[in-house]
Every structure is written in C-alpha cells, then in structure tokens.
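Worksheet: one structure, shown below.
Reckoned from all heavy atoms, side chains included, excluding hydrogens, waters and symmetry mates. In the text below, chain A, chain B and the rest are named by the order of the sequence lines, each starting its count at 1.
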There are 2 protein chains.
Amino acid sequence: MAQFINSKEALVTEAIDGTLRTAEGRLARLDGFPHIKVVLREDWDRSRVALVSGGGSGHEPAHVGYVGAGMLTAAVCGDVFASPSVDAVLAGILAVTGPAGCLLIVKNYTGDRLNFGLAAERARAYGLKVSMVIVDDDIALPDLPQPRGVAGTLFVHKIAGALAEDGADLETVTAAAERVIGKVASLGMSLDTCTVPGAPKEARIEEGKAELGLGIHGESGVELVDFNTAHEAMELVLARLAPHVGEGDKVALLNNLGGATPLEMAVLAEELAKSGAIPAIGHLIGPAPMMTSLDMRGFSVSLLPVTGEELAHLKAPVEMRAWPGCAPIGEPAVRPIPDGLTPIRPIPSENPEMRDFLTRCCDVFIEAEADLNALDAQSGDGDTGSTLAGAARALKGALDHLPLADATQLYRAIGLELSQTMGGSSGVLLGIFFTAAGDAASSGKSHVEALKAGLERVQEVGGARPGDRTMIDALAPALDALERGLGAAAKAAREGADATADITRARAGRASYISDERLRGHNDPGAEAVARLFEALAAG
Amino acid sequence: MAQFINSKEALVTEAIDGTLRTAEGRLARLDGFPHIKVVLREDWDRSRVALVSGGGSGHEPAHVGYVGAGMLTAAVCGDVFASPSVDAVLAGILAVTGPAGCLLIVKNYTGDRLNFGLAAERARAYGLKVSMVIVDDDIALPDLPQPRGVAGTLFVHKIAGALAEDGADLETVTAAAERVIGKVASLGMSLDTCTVPGAPKEARIEEGKAELGLGIHGESGVELVDFNTAHEAMELVLARLAPHVGEGDKVALLNNLGGATPLEMAVLAEELAKSGAIPAIGHLIGPAPMMTSLDMRGFSVSLLPVTGEELAHLKAPVEMRAWPGCAPIGEPAVRPIPDGLTPIRPIPSENPEMRDFLTRCCDVFIEAEADLNALDAQSGDGDTGSTLAGAARALKGALDHLPLADATQLYRAIGLELSQTMGGSSGVLLGIFFTAAGDAASSGKSHVEALKAGLERVQEVGGARPGDRTMIDALAPALDALERGLGAAAKAAREGADATADITRARAGRASYISDERLRGHNDPGAEAVARLFEALAAG
C-alpha cells in the first residue's frame, strides 16, 4: 500500500525534522543525519540522571514523543524496525550524560542490547556512569528465555523519568526501573498485519481471526484465535495476562498498535474497565497509540502492580502530548436528561374561523396527492404528494387539540405536529418554519411578517435560496405579495412554481442529485404544492 | 475487515462510556442512551456562553475529545456518520444553556443543519438565546453552493471556545465564529477508503493513485490523482488551497484522517513547513488526528489567515489531549555531535612478550578457519571460522599500532579493533568483552579478574548464559580454571565445548532458531574456537 513518504531512506530523518519544527525550543537533534538520529531535550543541564532510550523507528510516538521533562532525556532512533548503531547510541549518551550518570532503557531485542551495550561500554571508558536495563514485558511466549520488550517499556520511562526529574541518583533510578521490569506484563492482539515501508503487505490474518501475542515489528502472533467481539478479545488477553501479574493495586496501559480507530480503542477501554478478570485494576493509561507497530490494527494491554510511590510517579504530569496520563478508572458520570424534551402541549382553544381555514389548507394537499406524487416521480422517489397529504390528514385529526385561538401557540403547535408526523427533511423544515413563525408572532409581528421570519430561518438552516428549485421558489414570492391580498399571492406563487420547470440545475434538496435534463419541463413538486394552496385560498 | 467492536448498534454508546471512565470528573453524559448521546462538561456553571457541537460519530476525537474548558461545553453524538436526532441536540442545548445563551457549531451537512436547526427553534421557544453557525470549509468542489464542513471546524471550536471561556457574550462569540468560517479553507487527500463498521470495505483507490478532495464520511474524492511522494502530495494540496486563502499570517491545521502513521504525518508536516507554495504560514496545529474519517489513510490541510487576537485564542492552552496545541513553525534545532565518537587512538607501545602472545592467539583462529566454518554450517550460515580468522588477521596487522605495554589500554584497543573489523553481533560482543575487561583492569584487577568482568558484561548484554550453546560454554569454565594454570583452563574449555554437542535446545544466539535435531552431535563453533585457543596456549 502506498504511504505518505518520500523514500524509505529519508523517512525517519524527515519525520524527526517535521516533529522538531514545532518543538518550540523544547527539543533538538544532533547534527549526525542520516547515520546518527538522536533527539534530546534542549533544557537539559546534566545536573540529574539522564534517561536514554530508543531503538528502531515505526513505534511512534515512542521514543521521540517521550523526550521531555519527567521522561526521557534523549531518544536514539534507528531506521524502521532497525536498531540504531553503536555510534548513534554513544552520541546520545555523550550528549546528555553529566556527573549524575545515565540510564539506558533498552527493549529486549538482540540488536538493541548489543548496540546499546557496546555504546555503554565505550561511554564507561570515558569515565561516565552508565547503567542499562532491559525491558522484557511480553508474555506471549511463556517459555521463551528472552521475552520481547513492548509497550510495558512506557512504565519504565515514566517511573524512572519522574524519579530522575526529582533528582534521584543513578542507583536509585536504576533499581526502580529494575523493579518495574520485574513486575510488568504485556500482551497484544491484532486483526491485521502492519505495512512496512518499501515492503509488500503480508495478508497473514484471515477474516474472522486475530493474532494473539504478536510482536511490534510485524512478527507473527503466537496463536491464531477466533475473533468475534471486542468483549471476547479483551477477556482473552486478560485471561492470558492474569498468571503473570502479581497481587495488589494495578495500573493498566491500553496501547493502540497503530491502526485501530479511537472508537474501537474506547470500546476496548470500556471492556477493560468492566471486566473483573483481573482484580484491582484501579488506573488506566490510555487508550492511546504509545508503542505502535506502524499501522497495525491491534492493541496491547500492559499491567503493572504498583506501590503508592510508583503510582504517584505515573500520575506526575508531563507536558509531552504522547503521554496520555494515568487516570483512575471510575463509573461513567451520568446526568439526568433536562426537562423540556417532551414539549408542553398547548391548551386547546376554539376559533371556528381558524379551524375552517386550516381545514381548507389541509384539503388542498389531500386532493393534490396523486398529482404531486406524479411530479415528484420526475425528480425524486415520487412521494411528495403522499408525504404532504399524510401530514395534512394528521393535522386535520389534531385540530381539536390545537390552541386555535392563540396565533403564537398555534404556529408552534403546528410546527411540532408536522415535525413529528411528517418525518424526513420536509418535516424538520416545516417544523422550523412554523416554530420560527411562532417566535416572531410572540414578539408582536403580523402573520405575514411571522411567516416571512419562518421562511428566513428555513433558508438559513436548509441552505436553499430562491432559484434552487424548491418550495421556496413559490413561497417566497407569495409571501412578498401577500400584503396585496391572496389573489396577488396566488399569482406570484403560480409564476414561481411554473418557473421551476426551467431550473435544470437544482442546487439544494434532493433534486440536486438528478441530471439536468430529467428536470426540464416539470414543476418542482414542493413549489407546485405551495402554488395550489394559495390558488385554492384565493378562490375562496 | 473485522474491528474491535461488539456491535454496530452499541459502538458509540460503549465508546462514550469507555471514554468517560477515565474522565476524572471532568465529563458526564446525559442519561438518554441509546437515543440521546450527549457528553458535557461537569464543571459547567451556565454563567458563560455554551458551545454545543457534534454530528455523526466516526470523526474521533471530534467531538467528545474537545469538550472541556476553553472549547466545547457539550458534544451531541450521532451513530457512525449519522446525524444526531433533534431530541438529542435539544437535550444537549437544554443541559448547558443558561442566561448567556448557546452557540451551535454545525458542519454543513443537510441532516446536521436540519436537526440542529429544529432543536435550536425548540430551544428558542423556551426563551433560550441560541445562535447557530454552519462551517463549510471544504474547497474540494469549488462550484458547490453547499461546501462540506471538515477539519476547519476545529478553528471555530477553539477560537469561539476561548472567547466564551473569557466571558464574551453570545453576539461576540457568534460573530467571531462567523469570521473564522468566512476565512477558513480545507482540502483532504487519501490513499485508501475508510472501513465503515458493518459495511464491506470499498477498495476504490488503486495502487499509485490518491483521491483529492474526499469527504469525511467515505465520500469519493473529486479527483483521482497520481500519487508518488509526500512532497508532491503536499504541494498539490497547497496549490489547490492557495486561491481560497486570504492574505496575512496564517495558521495551518494538519489533520490525520485516521489511518496515516505518525511517521507519515511527521513527513507531511516537514513538507508543509518547507513548502513556500503559500506564504506566511507561521503556525501549525498538529499533525494529529483531529477530525478523522474512521481509519482512512489520508490527511487534510486547513488554513486560516488570523488576526493577532485569533492567534492568541488558538494558542490559549486547554487541558484536552485531543487538542494538539498551536505552535510556531521554526527550523529544527540542531546541536553538534559530542566529542568522543571517534575513540582516541592509544599511543602504541612495545612489549615483545605480548606481541608474541597475541600473534599466537590470532594464528589459532586463522588455522581453525575451515574447521569452524564446517561446524557452523551445521547450525548457521557457515561463516564463524571466516569471521574469526578475518578478525585475527586484522588484529595481527594492527599490532604495531597497539599499546602493547599497557594492559588497560590494550584491552580497550583490542575491543575497539574487533568491534570495528568483525561486524555483526560477534564483533559487538567481543568489543564489549574487551572494553569491559579494560575497565576492570584500569581499576587494578588481575588479568583473570578483568577477563571475568568482561564475560559478565557480555552475559548481561547478550543475554546468554552457560548452557545456552554459545562460546560462553567454553569461556566461562576456562576462566574459572585459569587461576590453576593454562592446562586446567584448556581442559575445562574442551569439556565445555564438547558438552555443547549435547545441547539441542539453543536458548540464545543464532542457533536458537534451528531445530533441535540438526544441532545434536556438533560442537558450537564459538565454544570450539575458545577450546582450541586455550589448548594451543597450554601446549605452549
């Protein structure tokens, strides 16, 4: 699959520079591109223990994203999934290590162990105090003597980082890191492999399956399992982790391996929070992409039983966006729905003249049903007539419950009735029309002004304007003419409706999806309905 | 493609609850699941203008991720790519709107306009002050009267949010939002479509092509273009944006549409920063997933010419992780490589006895080349003999440059020589062995103690232990016996080397990948080399 890169060779150096451009003076890199790719803190004064980590790239935001006060002092980056060279690691160590010394945090891969190990030796030959810890948190292969280092490494970065920031000495920071490494356990699951730049994508995992216990470099999972739901996936991962996790309060780290969506990760977080499979998981880091494997659609869970001090170090705030924080897991806070969703039904009132007027209006639409359906069949799905007639019948049936004697309340009640009985866009638009007209009437406007206010709001919300081949093409001129009487309004509405037959480029509404020529010669059914209404009212 | 969800129906509600579980009291939801999905600020006191946004889900972190002080007061969520209902929007408005009123920020889609629009009317009927703005920043379809709302919406959230947080009134906040909407322009490009839960994936974009001007709901791009490099992709997007962007200082927002990796996004950020296609882009928001389209492998660029006040509002810090901040674009800070990468060459010194000893050692390996290669062919790629012989020849050739009279310096010099000439893991491990031995010698340890210190460090870094079928199986017993003389050491080394023929489960090094039975009956070539060395030295 194509990727947004320029070349495999320049990928990591360009990405580092792209990141540094908005670092606002917090970060710098060493002048060793392309061979030496080291990112370090700019505010570093060597007065405290330096923390250096790194490894192959492709795990972003690890490790550059964690360089900053309270976590790493420097990140040494290799090419994608390739260990950085001894020289690169040594450059990183030499650039940040002062009298307090340096801790190397290395994931358990042969290349990283050797290259960081030899760099440490060389740095020691310069008289520097350098210690090194190897993170091996992956429990995928229980009998493997060399478990891989995966997302549990973040616990080490954060706890050792907080201690170093507080001024702890190298022995204390190293011992704390070792204790974390001794306790942390991680396991990953994926629904798809990752796409390595410059290599063809391996379609290894068939639909309906998931790999359990995969690595972060595209290594196959230990086991191919059936995949059904997020619930089962999380339960399986937790069941496998359980024997490897000690007693006591635990912090979980929920890592996006790269390609899972935020929605999926949030569902997995919910499953993790709800599950009782492992007791006493009190805090969660994430969900977030923290130690990714390029675009792998998978997740991993890391679990760490913590002391109170370790928890405090995990919760200590840092400014790096890549660190998602460590928050207590609680129940979702739920607030009652506010009053007002069920609109207050107005008190019915009688007004024979209004009852007669509304009945006549409704009858127009009921009688026009077949004609309007036939017109709509030219540009839509042929139901405009039925939609309007149905709403008209419902409104006629509701007359006894309407506040016929109160214009403001009546407009609002009609708006409510139409928006609930008509459905679809038309119902919403007519709902807006009458509700807005009611608002205008409540502030003392005349009927014509109120209806114009309703039309204005419909145009604002619906986005249609005169000329867009909608009912507005008849309604707008009719309302403009209404001050001069129903006859003038009917004439204007008819002219407007008939003009829609020549509008072949619909710009709003459903007809905007229809080809021009199919529209020619047919009135818009909404505009036609309006014209027929005014003509009927004018005819008395 | 399978996804980490339980059901399409429960996806959004479960994801919201999963998110709220770690909200630490900052956020709550309304008690209206599954129909009403509204997330709101818990610390909200209705004293200021409320900001309500939302729309279909599938755009995470929008919109829930932006609920918090300084941005949104509430987010109203529909199902994936589906507008929330009128009731849901109204519930959101009623839950947060006080005397200062409420601004609805709506992306320009018919469903959202209508449902937010009618909800606004209903809220106004309760006497609430509600205004609504429609974001239409997408320039993909230049002649479309209804441009879509995409990632530029974030500018509106942030600027209006900062103003509202500062206590500005509804008219001021609305006018500021309208000004942003009038200026902002966005365009997206993607290399692949998104995977809608419950729907088959549409493989629409062929290899080597990209869609320009796609929507955030899986809508096709306006144009299928050739895709070659990140550079060309960014230049094309900027060229299309240029005519739509006004004069003056600009802020760019670089949005990950979901499936691009952080490496790719950082490369695109570098291209954006380097390009001169549009002048005066002084600040960058992102790169980050801000307004995604599920897992779409694409990006979008939004550009906003800003006033000083708008820039200040964009830069105002907020606590939501989903907001990546707005940082000035600068040159990457580059620091010189520290001294020490090129190791100081020790001053050569003469010591005929040591010269003779080293020569004899080297000759052992040179003579054993063919035998060791043959042994290695049983478990590896048959080059152990050549690797050792090559290093031995190089070391013999370097004798004139070595500090033969100074044990500490000599160990270090041999370590450096071997790590540079041997290559591979063996070179690094022997480099560590001799460098660590040199460190030990410098602190006054005997030769035997120094060599043991080297071995200890090799085990620590390399991870191999006695019994793992490596050279350590001969070297460890030999060094243990060395105090008793070379004869004892040779005997111990030979016994150790021969015992490796029975180790069929290699636990470290290259042979760990080889099946058990192929190993049986053959000594490990590294151990054999050590045994031959001690035997030759013992023989005088």
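When every heavy atom of A:L20 is checked against every heavy atom of B:A333, the shortest pair comes out as CD1-O, 4.1 Å. Closest of all the heavy-atom pairs between A:R335 and B:A28 is CG-CB, 3.8 Å. Minimum interatomic distance between B:L114 and A:G462 (heavy atoms only, all atoms of both residues): CD2-CA, 4.3 Å. When all heavy atoms of A:L341 and B:D87 are compared, the closest pair comes out as CD2-O, 3.6 Å. In terms of heavy atoms, B:A15 sits closest to A:A266 at O-CB, 3.4 Å.
B:R113 places a side-chain N or O within donor-acceptor distance of the main-chain N or O of A:E460, the cut-off being under 3.5 Å. B:R124 places no side-chain N or O within donor-acceptor distance of the main-chain N or O of A:A436, the cut-off being under 3.5 Å.
Of the listed residues B:G325, B:G258, B:G18, B:A230, the one with more heavy-atom pairs under 4.5 angstrom with chain A than any other is B:A230. No other option in A:G431, A:A123, A:A125, A:P262 has as many heavy-atom pairs under 4.5 Å with chain B as A:A125. Heavy-atom pairs under 4.5 Å with chain B were tallied for A:P332, A:S7, A:A260, A:A327; the largest tally goes to A:P332. Per-residue counts of heavy-atom pairs under 4.5 Å with chain A were compared for B:R457, B:E14, B:M265; the largest is that of B:R457. Between chain B and the residues A:T19, A:L284, A:L268, the largest count of heavy-atom pairs under 4.5 Å involves A:L268. With chain A as partner, the option from B:L429, B:L118, B:T229 having the largest number of non-hydrogen pairs under 4.5 angstrom is B:L118. Ranking A:A273, A:G32, A:G340, A:A269 against chain B, the residue ahead of the rest is A:G340, based on heavy-atom pairs under 4.5 Å.
A salt bridge links A:R297 with B:D295: the distance from a Lys NZ or Arg NE/NH1/NH2 to an Asp or Glu carboxylate oxygen falls below 4.0 Å. Under the 4.0 Å criterion applied to side-chain N and carboxylate O atoms, B:R412 and A:E121 are not assigned as salt-bridge partners.
In this structure, the ring-ring contact (aromatic ring centres under 6.0 Å, His included) partners of A:F4, at least two apart in sequence or on a different chain, are B:F227, B:F299. In terms of the side chain to side chain donor-acceptor pair (under 3.5 Å) criterion, B:S293 has no residue partners (sequence neighbours excluded).
Note: A:L416 CG to B:R122 CZ = 5.5 Å, rounded to the nearest 0.5 Å. For the atom pair A:L94 CG and B:D339 CG, the distance stands at 9.0 Å (nearest 0.5 Å). For the atom pair CZ (A:F116) and CD1 (B:I432), the distance works out to 12.5 Å, reported to the nearest 0.5 Å. Distance check: A:E271 CD to B:I5 CD1 gives 11.5 Å after rounding to the nearest 0.5 Å.
With a 4.5 Å cut-off on non-hydrogen atoms, B:M189 touches chain A through its backbone and its side chain both. Of the two parts of B:E24, only the side chain, counted from C-beta on, holds a non-hydrogen atom closer than 4.5 Å to a non-hydrogen atom of chain A. Contacts of B:R21 with chain A are made by both backbone and side-chain atoms, with heavy-atom separations under 4.5 Å. Only the side chain of A:T261 comes within contact range of chain B, with heavy atoms under 4.5 Å apart. Proximity to chain B is limited to the side chain of A:A288, based on heavy atoms less than 4.5 angstrom apart. Proximity to chain B (any heavy atom under 4.5 Å) is shown, for A:A95, by both the backbone and the side chain. For A:L27, the part lying near chain B is the backbone, with the side chain staying farther off; criterion is any non-hydrogen pair under 4.5 Å. Neither the backbone nor the side chain of B:I205 has a heavy atom closer than 4.5 Å to any heavy atom of chain A. Contacts of B:D17 with chain A are made by both backbone and side-chain atoms, with heavy-atom separations under 4.5 Å. Contacts of B:L90 with chain A are made by both backbone and side-chain atoms, with heavy-atom separations under 4.5 Å. Both the backbone and the side chain of B:P328 have a heavy atom closer than 4.5 Å to some heavy atom of chain A. With a threshold of 4.5 angstrom between heavy atoms, B:A10 does not approach chain A through any atom at all. When heavy atoms are compared at a cutoff of 4.5 Å, A:V80 approaches chain B solely by way of its side chain, counted from C-beta outward. Proximity to chain A (any heavy atom under 4.5 Å) is shown, for B:P324, by both the backbone and the side chain.
Under the 4.5 Å side-chain criterion, counting only non-hydrogen atoms from C-beta, B:L263 is in contact with A:L294. Under the 4.5 Å side-chain criterion, counting only non-hydrogen atoms from C-beta, B:S419 is not in contact with A:V86. Counting heavy atoms from C-beta outward, B:E264 and A:E60 have side chains that stay 4.5 Å or more apart. Residues A:L30 and B:P338 are in side-chain contact: their nearest non-hydrogen atoms beyond the backbone lie under 4.5 Å apart.
Judged purely by distance below 3.5 Å, without hydrogens or angles, the side chains of A:N6 and B:E232 never pair a donor atom with an acceptor atom.
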